[in-house]
> 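Attaching a single structure in structure tokens format; questions to follow.
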Amino acid sequence: MVDINGNYATRGGEKLLIKLIAIILIGKCLLLLADEKDILVYIKLATLLIFITTMLDFLKL
Amino acid sequence: MHEILNIFLDPLKVAGQSIILILIYTILFLIVEAFVPKFKTWADTLFIIILVLTLGQTVADAFSIMGDLVNIASDFFLGITPILTSLLVVLNSVFSFIAWSPVILFIFEILILLCKKVLIPAITVALILDFCTRFIQDISFSKASELIRGSVMTLITASLIAMVTVLSFTGVAFFTIDQAIASPIKKVIEQTVPVVGSLIVEGFSIFHKYQSTATTVAGFGAMSAFWGASFYPAGRLLIHALTFKFIAAIVEPFTGSTISGLLDDVGKSLLLLCAVAILLGIAFVFIWLILMVIMQLGVGKSF
């Protein structure tokens with residue numbers, strides 16, 4: 001969405017960063033608790049999905 | 001006097017407090033690790049979280065200093081542009097005498113625009129990517145953060161080169177320091193503090209031509225205060241950046257590469273902010289010196 005100043009990219013960037021931090025924090029907690037490296041693939045997948053969805057949102061696709 | 005002294009001592013006190021706090025945390029973590037070996041898996045993660053909570057305020061402070069500086073500089077240039085352009089028309093002979101080019105104003109405006117729209121968001125993103133990289137080392141964003149920092153550094157260097165080129169071209173800047181002495185000094189400073197070091201040497205050599213005239217007009221005390229005020233934010237940012245670098249150097253042997261790497265990355269980002277603050281300081285001083293010279297040369301003219 002475009003904000004009041006028309007800063008579309010800034011808002012998109014903020015959303016992406018917040019999502020990224022959230023997934024990294026949750027991922028780290030899971031990694032520490034489960035003590036398994038297999039979860040890493042799912043974290044990477046989630047991060048990539050976040051990137052793609054935000055990019056699509058940014059490009060209005 | 002005490003208050004003025006505090007302005008300069010406060011950043012150093014904050015730096016000292018941060019260093020002592022991190023040292024205490026390091027000792028505590030080492031003690032806990034010694035008694036509970038299983039704690040080691042959680043130690044790095046917890047240490048990073050504590051670092052963010054402890055030093056986050058310093059980083060936020062650095063960004064707010066930069067934000068304030070950019071806003072002040074933006075207002076200053078917005079206010080001074082009509083005056084300078086009017087003077088440019090009225091005192092054409094004076095401007096041709098001091099060989100000043102209006103392109104400089106354009107470069108300063110671009111610099112402010114870059115700071116507002118690119119620099120602060122880009123460095124914030126780089127910092128967050130660094131944090132993510134260090135938090136889960138298997139998912140690395142280091143290339144992205146380095147790319148962002150490198151791009152910002154390129155933009156800053158380009159602005160500096162443009163400024164120095166225009167000034168040299170019009171004959172305003174000439175290097176009073178002997179090249180034989182200046183080059184090795186510059187190299188040493190550049191190697192120690194990239195970008196900032198060369199900015200200091202280049203920037204200060206620009207002002208020599210106007211310095212004596214301006215000091216005659218404004219007086220030594222006023223000029224010193226003026227210089228101090230212009231470069232105070234940059235100095236404060238430099239102290240913040242060097243604090244992070246210093247803590248990274250102290251902590252490295254005791255905590256491992258993750259934590260010291262994160263601190264070093266934050267230091268690098270703050271050093272970039274400092275470089276831009278120095279550039280803005282140079283721009284600020286330069287415009288004032290130009291105005292002072294015009295004032296002196298324009299006195300008594302019938303226009």
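Atoms considered below: every heavy atom in the structure, side chains included; atoms not considered: hydrogens, waters and symmetry mates. Worth saying up front: this structure is predicted, and the values here are computed from it rather than measured. All chains are named by letter (A, B, ...) in the order of the sequence lines, taking the proteins before the strands, and each is independently numbered beginning at 1.
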> According to the side chain to side chain donor-acceptor pair (under 3.5 Å) rule, which pairs have a member within residues 253-263 of chain B, sequence neighbours left out?
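Pairs touching residues 253-263 of chain B that pass the test: B:Gln137-B:Thr258.
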> If you count heavy atoms of other groups shown closer than 6.0 angstrom to CZ of B:Phe246, is the number above 12?
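Counting neighbours around CZ of B:Phe246, 12 or fewer heavy atoms of other residues, nucleotides or ligands fall under 6.0 Å, so no.
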> Is there any residue in residues 139-148 of chain B with a non-hydrogen atom under 4.5 Å from a non-hydrogen atom of chain A, and which ones are they?
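The residues closer than 4.5 Å to chain A, in numerical order, are B:Ile139, B:Phe141.
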> Quick one: which residue pairs count as a salt bridge (Lys or Arg N to Asp or Glu O under 4.0 Å) with a foot in residues 269-279 of chain B, not counting sequence neighbours?
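Listed by first then second residue: nothing to list.
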> Would you please test A:Leu40 and B:Ile136 for side-chain contact (heavy atoms from CB on, under 4.5 Å) and show each step?
CA-CA 9 Å; A:Leu40 203 65; B:Ile136 303 182; 3.9 Å; yes
> With no hydrogens and no angle check, is any side-chain donor or acceptor of A:Lys28 less than 3.5 Å from a backbone partner on B:Phe135?
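Checked: pair present.
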> Can you tell which part of B:Leu129 gets under 4.5 Å to a heavy atom of chain A, answering side chain, backbone, both or neither?
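The answer is the side chain of B:Leu129.
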> My understanding is that only residues two or more places apart in sequence, or in another chain, count here; which of them pass side chain to side chain contact (heavy atoms under 4.5 Å, CB included) with B:Glu33?
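Side chain to side chain contact (heavy atoms under 4.5 Å, CB included) list for B:Glu33, sorted by chain: B:Phe39, B:Lys40, B:Ala43.
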> Rounded to the nearest 0.5 Å, what's the gap from CD1 on A:Ile21 to SG on B:Cys132? Could you check?
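If I round to the nearest 0.5 Å, the distance is 6.0 Å.
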> Would you compute the distance between atom CG of A:Leu31 and atom CG of B:Asp138 and round it to the nearest 0.5 angstrom?
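One finds 7.5 Å between CG of A:Leu31 and CG of B:Asp138.
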> Does any backbone or side-chain atom of A:Leu25 lie under 4.5 Å from a heavy atom of chain B? Answer side chain, backbone, both or neither.
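Both parts, backbone and side chain.
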